[in-house]
There are 2 protein chains.
Amino acid sequence: MKRPTIADVARRAGVSKGAVSYALNGQPGVSEATRRRILAIAAEIGFSPSSAARALSGATAKAVGLALCRPARILGIEPFFMELISGVEGELAARSYALTLQVVADQDAEIAVYRRWWGERRVDGVFICDLRLDDRRIPVLEELQLPAVVIGGPGHTGSLPSVWSDDAAALVETVEYLVALGHRRVARVGGLPGLLHTEIRTRAFAEVCDRLGLPEATTVPSDYTGEEGARATRRLLSSAQRPTAVIYDNDVMAIAGLSVAQEMGLAVPGDLSIVAWDDSPLCQLVHPPLTALGRDIPAYGAHAARHLLAAITGEQISAFQDETAHLTPRGSTAPPRVR
Amino acid sequence: MKRPTIADVARRAGVSKGAVSYALNGQPGVSEATRRRILAIAAEIGFSPSSAARALSGATAKAVGLALCRPARILGIEPFFMELISGVEGELAARSYALTLQVVADQDAEIAVYRRWWGERRVDGVFICDLRLDDRRIPVLEELQLPAVVIGGPGHTGSLPSVWSDDAAALVETVEYLVALGHRRVARVGGLPGLLHTEIRTRAFAEVCDRLGLPEATTVPSDYTGEEGARATRRLLSSAQRPTAVIYDNDVMAIAGLSVAQEMGLAVPGDLSIVAWDDSPLCQLVHPPLTALGRDIPAYGAHAARHLLAAITGEQISAFQDETAHLTPRGSTAPPRVR
DNA sequence: CTGAAAGCGCTTACAG
DNA sequence: CTGAAAGCGCTTACAG
């Protein structure tokens, strides 16, 4: 089947190709009646302008890029990215933008992808995830002047705009809640060290514990997998002064921690309270259901997409603060049992 | 920063644009020495050919499309798609193909996306997931002659090639295993009705139960969510002749079923054995760990990608049978406790 | 082996 | 308001 071109539409409408282009793009230069007729014909013969031709003649590629740098098993098990993508897509689809996805092995590969996309003019802009301290991607994107929105922060984004959520505040709220329940020995199983949001949470945890006069604010670093979450939990629960509450940096580790507690004969929440960051449906599937820090991730993605599209059209945008995660208490937290 | 074009490379190399094109694409027409020099210069100034220009001049778009038709919360919670995408990406990246992802609301929207992609020449081919009986997407893709690979089957793919796994065989193996353990009342919580693989499993379940002389092979339809899995489980466990073993069509429903059993005071596996289809890391996070039917999903995606790329280059390909899921027995299955 | 040129399908000033 | 034409950056026959 032959793809219809703008010339086919022009011929059938009895106008020039230029007129068709104006009509399609909502530009002045054609009468309203002609525009209607052209649009009707285009729809009738199933015409969509060639994205290549459009991109080549100076218009935009109508595509944005997302490079993800996580191994397959972590990517699969964390609902975060798919929920984010769903939200991004909603916003993009409304403007007929495509999302180009690439899974990369490391930061060098990711930077190479950005350079290639830029050279190929394949995307009009990109999202940056998993921001790091001194992130090497930032200066590259600044140099290329490729529109970009950082999903994360605050700060450490160079001159790039960002969409972020106040993790420090959410963590403080959580610790204060646990302390209000009567907990004094609170520990944390953290995400990958080096990621900005991990560091922000770690610092906030240390500060709030210090402020509230809690003994030692232990953060055990981990990598978001269930295995590591389980191992970290065993270590914490085997110590002489074991914690009565643990905060996990994602839901999968929290579920693994719950299993470990049960396997070690500790009652949840009687002997151990558990809080999960990222409130996915998984948290409500286990027994007891997990108290969790949640927020609307698809909406977060939608905001990021909206800002990226604005940046592409040349609007001057800066940092946007998304909602702060809120705590939903469920069965996994309670006052510590007196021993 | 200005993007380098083929003309920049040609100028610096002192050759024509045509020569640069030949050198870049490994075509004859330039000497080996010249080719090397051109490639070195291209690398030096960071030149990547414009994908738009390339696509416009008759070459391929160097992109394939994947449209996903599931709501955000299901998309997020099922590791399947992200694992599939990871595998697809590995194969695509090796050939510098991009993956264009689109989340759609329903089949009509999905079909519209295919027509648009085709008209825009945005992709060279597409993957089709979640095959249905009498799938309306098949004739559209045949009509458009857009290269496509169906991820699913066997059969019901019209003239399109497919990559599939023998779900019927896996289900039979599972039921036979449960019967060998001594189970007689086996039930199943199925996936979305209408999806081909759901129907294949349902039919295989009915047949094997009949062959082995088991009483009534009940399949309760569901939708892959934990809530529905829990509800279906409550219904099954509340019946007079409750099953002693349940097979779930995904891991999330199985985990929900485990919670329901515990909430109803039934021991797993003593009173109830549980088998999950899709052996994600989640299955090992719960207590007891779930016996599961698993296979290598990233590899499945890689095979699909390899076949799609072959179809795009015009190779004649047909159906490819991937490995059959195999059962990994864990703590959630055992002989039924005598009552 | 190399160079000059046409053409892919659009967009967008520029005349009418 | 409309038409003719240049140009985006490649690929690929066609001459030399």
Side-chain angles (χ1 to χ4, degrees), chain A residues 2-39 41-42 45-63 96 116-124 313, chain B residues 2-39 41-42 45-63 96 116-124 313:
Chain A
K2 178 125 185 340
R3 291 178 172 90
T5 70
I6 200 171
D8 297 321
V9 179
R11 197 176 315 115
R12 291 180 66 139
V15 298
S16 69
K17 295 191 299 175
V20 176
S21 178
Y22 291 139
L24 253 46
N25 296 308
Q27 306 268 21
V30 286
S31 69
E32 197 46 44
T34 310
R35 182 190 308 277
R36 270 189 228 282
R37 194 158 49 84
I38 290 173
L39 290 179
I41 290 171
I45 67 175
F47 169 73
S48 301
S50 153
S51 58
R54 193 170 232 175
L56 190 56
S57 49
T60 56
K62 283 264 205 176
S96 297
R116 185 161 55 76
W117 278 348
W118 173 81
E120 293 179 343
R121 297 148 180 77
R122 198 181 265 283
V123 299
D124 299 324
T313 56
Chain B
K2 179 127 184 339
R3 293 177 171 89
T5 70
I6 200 171
D8 298 321
V9 179
R11 197 175 316 115
R12 291 181 66 138
V15 298
S16 70
K17 294 190 301 175
V20 175
S21 178
Y22 292 138
L24 252 47
N25 295 309
Q27 306 267 22
V30 285
S31 69
E32 197 45 45
T34 309
R35 183 190 307 277
R36 269 189 229 282
R37 195 157 49 83
I38 290 172
L39 290 179
I41 290 171
I45 67 175
F47 169 72
S48 302
S50 153
S51 58
R54 193 170 232 175
L56 190 55
S57 49
T60 56
K62 285 267 207 171
S96 298
R116 186 162 55 77
W117 278 348
W118 173 82
E120 293 180 343
R121 297 145 179 82
R122 199 181 264 283
V123 300
D124 299 324
T313 57

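Every chain is numbered from 1, with letters handed out A, B, ... down the list of sequences.
Look at A:S57 and you won't find any side-chain N or O under 4.0 angstrom from OP1 or OP2 of C:dT12. OP1 or OP2 of C:dT11 has not a single side-chain nitrogen or oxygen of A:Q27 nearer than 4.0 Å.
Spacing between atom CG of B:L24 and atom P of D:dT12 amounts to 12 Å, rounded to whole angstrom units. Regarding A:Y22, its OH atom lies at a distance of 13 Å from the P atom of D:dA4, rounded to whole Å. Whole-Å rounding puts the A:I38 CD1 to C:dC10 P distance at 13 Å. Taking atom CZ of residue B:R122 and atom P of nucleotide C:dC10, one finds them 13 Å apart after rounding to whole Å. The interatomic distance linking B:R11 (CZ) with D:dC10 (P) rounds to 12 Å, in whole Å. The nearest whole Å value for the distance from the CZ atom in A:R37 to the P atom in D:dC1 is 14 Å. In this structure, the CZ atom of B:R54 is 20 Å from the C1' atom of C:dC10, given to the nearest Å. Straight-line distance from the CZ atom of B:R3 to the C1' atom of D:dG9: 12 Å, rounded to whole Å.
Nearest nucleotide to the side chain of A:N25, out of C:dT2, C:dT12, C:dT11: C:dT11. Minimum atom distance to the side chain of A:S50 is reached by C:dC10, of the listed C:dC10, D:dT11, C:dT12. Comparing C:dT12, D:dG3, D:dG9 against the side chain of B:L56 picks out D:dG9 as the nearest. For B:V15, counting side-chain heavy atoms from C-beta on, the closest listed nucleotide (D:dT12, D:dG3, C:dG3) is C:dG3. In the set D:dT11, C:dT2, C:dC10, C:dT2 carries the atom at the smallest distance from any side-chain atom of B:T34. The B:R121 side chain lies nearest to C:dG9 when the options are D:dT11, C:dG3, C:dG9.
Taking OG1 of A:T313 as the start and CG of A:D124 as the end, the distance is 10.5 Å to the nearest 0.5 Å.
Backbone-only engagement by A:T5 is indicated by non-hydrogen atom pairs under 4.0 Å involving sugar-phosphate atoms exclusively.
The residue among B:A19 and A:A52 whose nearest nucleotide of DNA chain C is located toward the 5' end is B:A19.
Across the strands present, D:dG16 finds its partner in C:dC1; the criterion is a Watson-Crick or G-U wobble pair with both atom distances under 3.5 angstrom.
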